[in-house]
Number of protein chains: 2
Amino acid sequence: MRGHQVTIKDIAKILHISPSTVSRALKDHPDINPQTKKNVQDLAKKLNYKPNQIALNLLQQESKLIGVIIPEIIHYFFSTVISGIEKIANESGYHIIITQSNESYHKEVENIQALLSSNIDGFIITMAKTTLNFDHFKNVEEIGVPMVFVDRSCDAVTADKVLVDDFDGAYKATKHLIENGCKNIIHLAGPQNLDIGIQRKEGFLSALNNSNIPINSYSVQICDTHDHALKLIPELLSRHNNIDGIFAVNDLTAIGAMKAVKSMNKKVPDDIAISGFTNSHISYIADPELTTVDQKGFEMGQHAARMILKRIHSDENYGPVTTILNTDLIIRKSSLKRKLN
Amino acid sequence: MRGHQVTIKDIAKILHISPSTVSRALKDHPDINPQTKKNVQDLAKKLNYKPNQIALNLLQQESKLIGVIIPEIIHYFFSTVISGIEKIANESGYHIIITQSNESYHKEVENIQALLSSNIDGFIITMAKTTLNFDHFKNVEEIGVPMVFVDRSCDAVTADKVLVDDFDGAYKATKHLIENGCKNIIHLAGPQNLDIGIQRKEGFLSALNNSNIPINSYSVQICDTHDHALKLIPELLSRHNNIDGIFAVNDLTAIGAMKAVKSMNKKVPDDIAISGFTNSHISYIADPELTTVDQKGFEMGQHAARMILKRIHSDENYGPVTTILNTDLIIRKSSLKRKLN
DNA sequence: GGAACTATTTCAAACGTTTGCGAAAGGAGT
DNA sequence: ACTCCTTTCGCAAACGTTTGAAATAGTTCC
């Protein structure tokens with residue numbers, strides 16, 4: 001049913017000239033007779049000729065395609081990363097193929113294989129949480145297809161990375177809570193096998209230390225989902241009545257905590273101030289609006305795209321580059337206690 | 001820097017046989033000597049041979065690529081649609097190229113052109129809100145590349161569609177509010193140049209009529225963003241004190257309305273019950289949790305992918321197919337008034 | 001009138017793969 | 001010794017495009 005796209009050969013046949021002449025005429029090659037040029041260009045426009053990208057790809061040994069592997073597209077952060085990648089890629093005539101790992105190691109391996117056989121020119125990857133074996137990345141490295149890791153770094157392989165300064169972000173958020181009068185802050189932390197989980201925790205602890213605030217046995221809780229926070233916080237508050245601040249590893253968890261706090265008839269922020277991390281849409285939607293750390297997803301995506309394009313177009317094999325972006329603290333109502341002093 | 005991928009020709013050269021023999025050996029063609037076959041297959045495995053997808057695409061005049069054009073990936077609904085598409089496409093060896101129009105007509109046209117020259121095998125499209133001219137779609141139709149429209153239908157062009165029963169969803173949500181004791185419900189409606197805006201409004205009005213509830217001059221307000229609702233609702237409530245229910249065209253608007261209601265010291269749901277539409281993540285996050293209509297994004301994506309694959313693989317030119325999915329009413333706390341009778 | 005040059009066009013190979021057809025070689029049957 | 005068949009393989013074309021090199025025709029110059 002496909003109506004045959006018009007090709008250079010078609011134009012050549014109609015005009016009784018050779019395909020090479022048509023090709024050159026279309027690119028304004030000086031060797032071509034102006035009249036022939038005009039004939040060709042007019043006909044091409046009339047027939048709505050579009051060069052066949054696949055043929056060009058084959059000839060030039062490139063696909064102008066960047067493979068993107070992320071855990072889950074429905075997460076606000078990742079969708080902003082994708083938007084950033086898409087913007088820069090499109091500006092250079094590239095397109096992106098998106099695949100999701102759903103945080104599954106096996107799906108990630110599958111996706112790598114599938115994208116490789118699609119002859120993509122480069123990878124932009126955020127590893128799955130469950131990825132502990134890195135042979136599939138090493139394989140890519142051997143083949144020589146460039147990779148950029150985003151947000152979660154993989155040290156088993158030499159590749160470019162773009163990360164965010166999680167430590168500093170967490171530090172700033174915690175410091176802000178302290179400055180707003182919090183004296184007993186807990187941290188709802190992410191899994192400690194991931195760099196971001198560790199860094200955000202360390203930033204939190206460092207801020208406490210720096211302000212000479214004592215760290216309790218319950219100051220750090222592994223808890224990184226909305227529903228978990230909803231269950232955990234009431235328990236915690238009933239045991240430790242003097243908790244007056246919560247710094248959560250992500251916005252969703254922060255909002256779960258917020259709901260739990262409100263359900264116990266405590267006020268946010270006056271009784272308990274809260275900060276999240278990511279600056280996803282929901283932080284603005286929350287009631288009260290959630291203070292959070294902007295994770296710069298869009299910028300990360302843009303950087304990653306620029307890095308991969310540079311690799312693709314570079315002949316020399318320069319060493320791996322790591323870019324670390326600064327975070328911004330976004331201050332909203334959930335952390336602004338009435339000043340008591 | 002790219003380490004030349006190993007090709008059939010490489011294998012042929014090493015084994016001193018012709019490329020055609022290698023090709024056939026790799027596919028277990030009966031014409032090939034078992035020993036030759038084994039030699040080829042062993043070497044191919046050893047060298048990690050992967051067929052060049054681009055060459056195959058050129059030969060078979062297909063790219064195994066589906067072009068997806070959506071307004072904005074950061075919207076929960078669209079990201080679920082994408083997930084659905086990706087799942088089905090991958091199962092059939094297809095990949096998806098995603099582009100965003102950002103609700104801009106011009107970007108949409110650009111994306112169509114770019115994807116066409118990437119020789120994608122089919123389009124899955126959700127039109128931008130601002131698209132009023134359809135020549136770019138007609139162009140695609142002429143060329144003969146199949147299209148499926150998702151969520152927002154385009155009648156100017158003969159193509160498959162997968163829609164959701166917006167009318168019925170709105171009807172069910174409104175009916176539910178009525179059954180929970182609402183006597184004066186307003187509808188925050190979407191733009192009335194889009195089908196979904198019209199259908200949801202009509203469903204709302206029909207439910208009121210069916211329950212003999214009078215429709216006021218202010219019953220329908222064009223308002224489809226969080227921030228607009230935040231401004232509009234206080235005005236409305238101060239003028240019409242007896243409003244006791246709100247049905248919003250999407251979840252974000254519903255949550256804006258919810259915040260506004262709470263800010264006026266009215267209780268949700270007891271004073272004013274609220275329902276949204278979409279069932280996005282935020283509806284579960286809201287406080288109180290938001291009653292809403294599940295828009296079945298994932299299912300829509302799956303259907304769209306199946307429809308486009310069927311088109312791609314079909315030789316005959318069957319008439320356009322429209323699939324309309326049923327919605328589910330998701331009842332949560334925001335609509336459950338204490339029964340007064 | 002031949003060399004030298006210019007202007008314009010075509011040829012052919014290349015990218016990697018598939019596939020119809022033909023070729024070569026050997027064996028069996030008559 | 002001839003045909004016929006089988007087994008195994010290679011040739012060449014095809015997909016659409018680009019590009020160096022060669023070809024053709026026409027002009028200029030001495």
Side-chain angles (χ1 to χ4, degrees), chain A residues 2-41 43-44 47-65 93 116-121 143, chain B residues 2-41 43-44 47-65 93 116-121 143-145:
Chain A
R2 183 76 66 92
H4 165 74
Q5 283 262 48
V6 24
T7 74
I8 278 193
K9 290 186 182 179
D10 297 329
I11 297 180
K13 209 164 286 172
I14 296 174
L15 259 32
H16 298 106
I17 55 180
S18 77
S20 22
T21 304
V22 175
S23 172
R24 281 189 251 256
L26 288 172
K27 355 187 64 98
D28 238 354
H29 193 287
D31 274 5
I32 303 298
N33 184 313
Q35 184 56 51
T36 317
K37 240 181 233 181
K38 188 171 178 338
N39 291 344
V40 169
Q41 286 169 357
L43 185 60
L47 298 181
N48 194 23
Y49 165 78
K50 293 268 182 299
N52 182 320
Q53 201 54 49
I54 298 184
L56 288 175
N57 293 345
L58 181 59
L59 198 63
Q60 285 150 14
Q61 296 290 73
E62 58 177 18
S63 61
K64 296 273 185 187
L65 251 28
L116 272 182
S117 82
S118 282
N119 271 62
I120 51 137
D121 295 340
I143 295 176
Chain B
R2 184 76 67 89
H4 165 74
Q5 283 262 46
V6 24
T7 73
I8 277 193
K9 290 187 182 179
D10 296 330
I11 297 180
K13 210 163 286 172
I14 296 175
L15 260 31
H16 298 107
I17 54 180
S18 78
S20 23
T21 304
V22 175
S23 172
R24 282 188 253 253
L26 287 172
K27 351 188 65 99
D28 240 354
H29 193 286
D31 272 7
I32 305 297
N33 183 314
Q35 184 56 49
T36 317
K37 240 181 236 181
K38 189 171 177 339
N39 292 344
V40 169
Q41 288 169 356
L43 186 59
L47 298 181
N48 194 21
Y49 165 78
K50 293 266 185 300
N52 183 319
Q53 202 54 49
I54 299 184
L56 287 175
N57 293 345
L58 182 59
L59 196 63
Q60 286 150 13
Q61 298 290 76
E62 58 175 20
S63 61
K64 296 273 184 188
L65 250 29
L116 272 182
S117 83
S118 283
N119 271 64
I120 51 136
D121 295 341
I143 294 175
V145 178

Derivation of the side-chain contact (heavy atoms from CB on, under 4.5 Å) call for B:Asn57 and B:Leu65: CA-CA 10 Å; B:Asn57 293 345; B:Leu65 250 29; over 6 Å; no

From CA spacing to verdict: side-chain contact (heavy atoms from CB on, under 4.5 Å), A:Leu47, A:Asp10: CA-CA 10 Å; A:Leu47 298 181; A:Asp10 297 329; 5.6 Å; no

side-chain contact (heavy atoms from CB on, under 4.5 Å) between A:Thr7 and A:Asn52, intermediate numbers included: CA-CA 8 Å; A:Thr7 74; A:Asn52 182 320; over 6 Å; no

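Distance NE2 (B:His29) to C1' (C:dT17): 14 Å, rounded to an integer number of Å. The distance from atom CG of B:Asn33 to atom C1' of C:dA24 is 15 Å, rounded to the nearest whole Å. For the pair B:Ile54 CD1 and D:dC15 P, the computed distance is 19 Å after rounding to whole Å. Spacing between atom CD of B:Gln61 and atom P of C:dT17 amounts to 17 Å, rounded to whole angstrom units. Rounded to whole Å, atom P of D:dC5 lies 17 Å from atom CG of B:Asp31. The CG atom of A:Asp28 sits 14 Å away from the P atom of D:dT18 (whole-angstrom rounding). Note: CG (B:Asp10) to P (C:dT17) measures 9 Å, nearest angstrom. The CG-C1' distance, from B:Asn119 to D:dG16, rounds to 10 Å in whole Å.
In terms of polar N and O atoms assigned as donor or acceptor, the side chain of A:Arg24 comes within less than 3.5 Å of the base of C:dT10 in a complementary pairing. For B:Ser18 against D:dC11, no side-chain N or O and base N or O form a donor-acceptor pair under 3.5 Å.
Put simply, A:Gln35 has no side-chain N or O that comes within less than 4.0 Å of OP1 or OP2 on C:dT8. Contact check, B:Thr21 against D:dC9: no side-chain N or O comes under 4.0 Å of OP1 or OP2. The shortest distance between the side-chain N/O atoms of A:Ser23 and the OP1/OP2 oxygens of D:dT19 is not below 4.0 Å. Taking 4.0 angstrom as the limit, A:Lys27 places a side-chain polar atom (N or O) nearer than this to OP1 or OP2 of D:dT18. A close approach under 4.0 Å does not occur between any side-chain nitrogen or oxygen of A:Gln53 and OP1 or OP2 of D:dG16. For B:Lys9, a side-chain nitrogen or oxygen approaches OP1 or OP2 of C:dC15 to under 4.0 Å.
Both A:Ser20 and B:Leu56 sit near DNA chain C, but only A:Ser20 has its closest nucleotide nearer the 5' end. Of the residues near DNA chain D, B:Gln60 and B:Ile32, the one whose nearest nucleotide (by heavy atom distance) lies more toward the 5' end is B:Ile32. Residue-to-nucleotide proximity on DNA chain D shows that, of B:Ala55 and B:Pro34, the 5′-proximal contact is made by B:Pro34.
Residue contacts for A:Ile17: at a heavy-atom cut-off of 4.0 Å it reaches the sugar-phosphate backbone alone, with no base atom in range. Note on A:Leu59: a base of the nucleic acid sits closer than 4.0 angstrom, heavy atoms only. If you check every strand for non-hydrogen atoms under 4.0 Å, A:Asn52 touches sugar and phosphate atoms only. Looking at heavy-atom distances under 4.0 Å, A:Ile8 makes contact with sugar-phosphate atoms alone, never a base.
Between A:Lys50 and A:Asn48, the shortest heavy-atom distance links the atoms NZ-OD1, 2.9 Å. Between B:Tyr49 and B:Val6 the shortest heavy-atom distance is CD1-O, 3.3 Å.
Put simply, the residue from A:Ser18, A:Pro51, A:Ser23 that forms a side-chain contact (heavy atoms from CB on, under 4.5 Å) with A:Ile8 is A:Ser23.
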